[in-house]
There are 2 protein chains.
Amino acid sequence: MKHVTIKDVAKRLNVSVSTVSRAFNDKYDIRKDTKELILKTAKEMGYHPNPIAKKLSQNRSLNIGVVIPEIINEYYSEVIIALQEFLIYKGYQVLVMQSDENGEQELKNVKTLINNMVDGLIIAPTTGNSNMDFYRQRINDGYPIVFLNRVDDSAPGSKVIFNNEKWSFFATEHLIRQNLNKIYHFSGYLDMCVSQERIQGFKKAMNKHKISKENYKIIEAGLLPEEGMEVIEDLIFHHDIPDAIFCVNDMVALGAIKKLKDNGYRVPEDVAVVGFTETRMAELVSPQLSSVKQPTYDMAKKAGELLLRHIEDENAPAETIIMNGEFTIRKSSVKNSSAGYL
Amino acid sequence: MKHVTIKDVAKRLNVSVSTVSRAFNDKYDIRKDTKELILKTAKEMGYHPNPIAKKLSQNRSLNIGVVIPEIINEYYSEVIIALQEFLIYKGYQVLVMQSDENGEQELKNVKTLINNMVDGLIIAPTTGNSNMDFYRQRINDGYPIVFLNRVDDSAPGSKVIFNNEKWSFFATEHLIRQNLNKIYHFSGYLDMCVSQERIQGFKKAMNKHKISKENYKIIEAGLLPEEGMEVIEDLIFHHDIPDAIFCVNDMVALGAIKKLKDNGYRVPEDVAVVGFTETRMAELVSPQLSSVKQPTYDMAKKAGELLLRHIEDENAPAETIIMNGEFTIRKSSVKNSSAGYL
DNA sequence: TTGTAGGCGTTATCAC
DNA sequence: GTGATAACGCCTACAA
């Protein structure tokens, strides 16, 4: 099982290693037929260039580091898939590490990856964005980093983000337009910029439609089903049931719906519910969940493209790409289907 | 941003590179205080051993390849997490590739990883196990490969699998014990050994309890919610509604439940439903879904341990580890709660 | 205990 | 167009 090396091929054909090397790297002059001969016999001999040696001599790893909050999260699963597909196609390997929504773990991951000589990093920061100073420093040093989601305009360097405010606004307006009185927003952790942006959209809709402050509430839930459950249970306990709830994501929405049902409330008849960052569950639950879909795959791919641009040209300008999604209205948020929403 | 190398450290301390190298690799004799001095100044200088050079000189990549059917699948997300944690801790990097339930893609992935010099492979084969001959060949050549899930006893080499038959038997028996008449099994793709094993368990329970063949059916569904939906819709169309359904996994179960409800059937009152390979959704849906939980994390970790054993000792004997799980009974499968099941 | 030197498989800079 | 040869950064006999 010994690996065939460039030397073996050279010896077999009585040419020098450099010639063989040239045959595999288009950038040098080499006679066409010698090239073809080399490629052919190399294939016969089962030769594959050793990527590790290549990396060493070129002083680049051809590895890209990807740091995400959690793999068990449809959004980031899709991110990984998209990134893998694109980057492998471009000749890179992808090293994925997850931070468990923990800033320290995130920093550890990033340092591990840097020590492993990745050529660049794609980072979806965890709650709190606590390592921004460190990243800013690296970016200033010229280290290629692209942020994905989880940051706002103010983050340094290049980034691909979703227009949370806008789509949160639309989702909220959809509820307002049904003349619902009390509309609550179950927000994500308040120290996440994504949460803040969705809150902004929610407030903007309230202001535009002149809803008075007594008729809406913003309650910090989190990102997990359990957190949606807790919040709604608390509301039920205090007999403070809204007509509609706009949740920071589908998981919180599903948790809320579960507990509403368990307590005898009907969705959407008693309480209309809207989610965000559509998951595959949205269509699978009863009632089906209205939600805002993000172009996850494209966002990730864009981040990959941006990163490669920075790796290949260290003077490439920082870019901020803000993407849009779509809002799909399903049963969970339509109280009166004659209203023409479905 | 130039990387500090072993030479820089050596020069600074007026020692040889080998001494520095030794300081970082415990296996050679070196005086304790020189070692400490070297480690200390190396740290000051910001030196980190270059893993790529290390790999080249040691002729091993310290990379492990992991090939799974799909990342968007809670089971395999967890597998990745477990493997990452364990292998990174052991000094390895993990390269994950997914096959999209496609045998050709799987083979491509494996070859890519081998060409990238991974030191070993953990493979969860896709439907059909079409590449077993190729793997058998590699294993005979001494290439370290461990299979995870998705294979049966007959697969070559080491493997970590779940006792599907046993737990499928238990789940089925739970339904039989409620004196339900018609019990159907929505199976996975018939060319998956996992499906076959679960079918075996189902049949075994039927035989043990002497259920006549008219009273049960095995219908091939698949692995996706949509496939569960299709099967149940067909049954509804033919007015062939069973008293209980045991599904090959939670996704198929959720699909079936959805369509049952859409068509006015109550779960579990009209139809009891059981899933398999418990997902986080099991507790989140209404009614909560009874399901068999697999020790995913432990299975993956075991696979990692086995692989390292093979990498470190090429004469390590092939091992087959069969794991057990637990069956959690929830509302979806209990028709009469006075029966004492809940 | 420490230093010297050759090798890991490539690429890249020279000559020729 | 092709061949020597010195890197790339580290490990590891072997010698001292």
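A quick note: this is a predicted structure, and the numbers were derived from the prediction, not measured. Reminder, nothing fancy here: chain letters follow the sequence lines and each chain counts from 1.
Of all nucleotides listed (C:dA12, C:dG9, D:dC11), C:dA12 comes nearest to the side chain of A:Gln58. Residue B:Lys54 has its side chain nearest to D:dC10 when only D:dC10, D:dC8, C:dT2 are considered. Checking D:dC8, C:dT11, D:dG1 against every side-chain atom of B:Lys7, the shortest atom distance belongs to D:dC8.
The rotation axes computed at either terminus of the helix from C:dT1-D:dA16 to C:dC16-D:dG1 lie 40° apart, taking five pairs at each end and rounding to 10 degrees.
The side chain to side chain contact (heavy atoms under 4.5 Å, CB included) with B:Met97 is formed by just one residue from the set B:Leu113, B:Val66, B:Val110; it is B:Leu113.
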Polar atom pairs (N or O), protein with nucleotides 4-6 of chain C, under 3.5 Å:
residue	atom	partner	partner atom	Å
C:dT4	O4	B:Ser18	OG	3.1

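Residues A:Glu85 and A:Lys301 are not paired through a salt bridge, judged by the lack of any N-O separation under 4.0 Å between the basic side chain and the carboxylate.
Shortest non-hydrogen contact noted between A:His310 and A:Ser158 is NE2-OG, 2.7 Å.
A cation-pi contact, defined as under 6.0 Å to the ring centre and within 45° of the axis, is absent between B:Arg150 and B:Phe147. Cation-pi geometry between B:Lys111 and B:Phe134 is satisfied (NZ or CZ under 6.0 Å from the ring centre, within 45° of the ring normal).
A salt bridge (charged side-chain N to carboxylate O under 4.0 Å, His left out) check over residues 113-137 of chain B, counting only residues at least two apart or in different chains, returns nothing.
Counting non-hydrogen atoms under 4.0 angstrom, A:Phe24 reaches nothing in the nucleic acid. Contact annotation for A:Pro51: no contact, since no heavy-atom pair falls under 4.0 Å across all strands.
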Before giving the answer on salt bridge (charged side-chain N to carboxylate O under 4.0 Å, His left out), spell out for A:Lys159 and A:Glu319 the whole-Å C-alpha distance, their side-chain angles and the decisive distance to 0.1 Å. CA-CA 6 Å; A:Lys159 49 202 167 291; A:Glu319 236 175 282; over 6 Å; no

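Around CD of B:Glu104, the count of heavy atoms belonging to other residues, nucleotides or ligands within 6.0 Å does not exceed 12.
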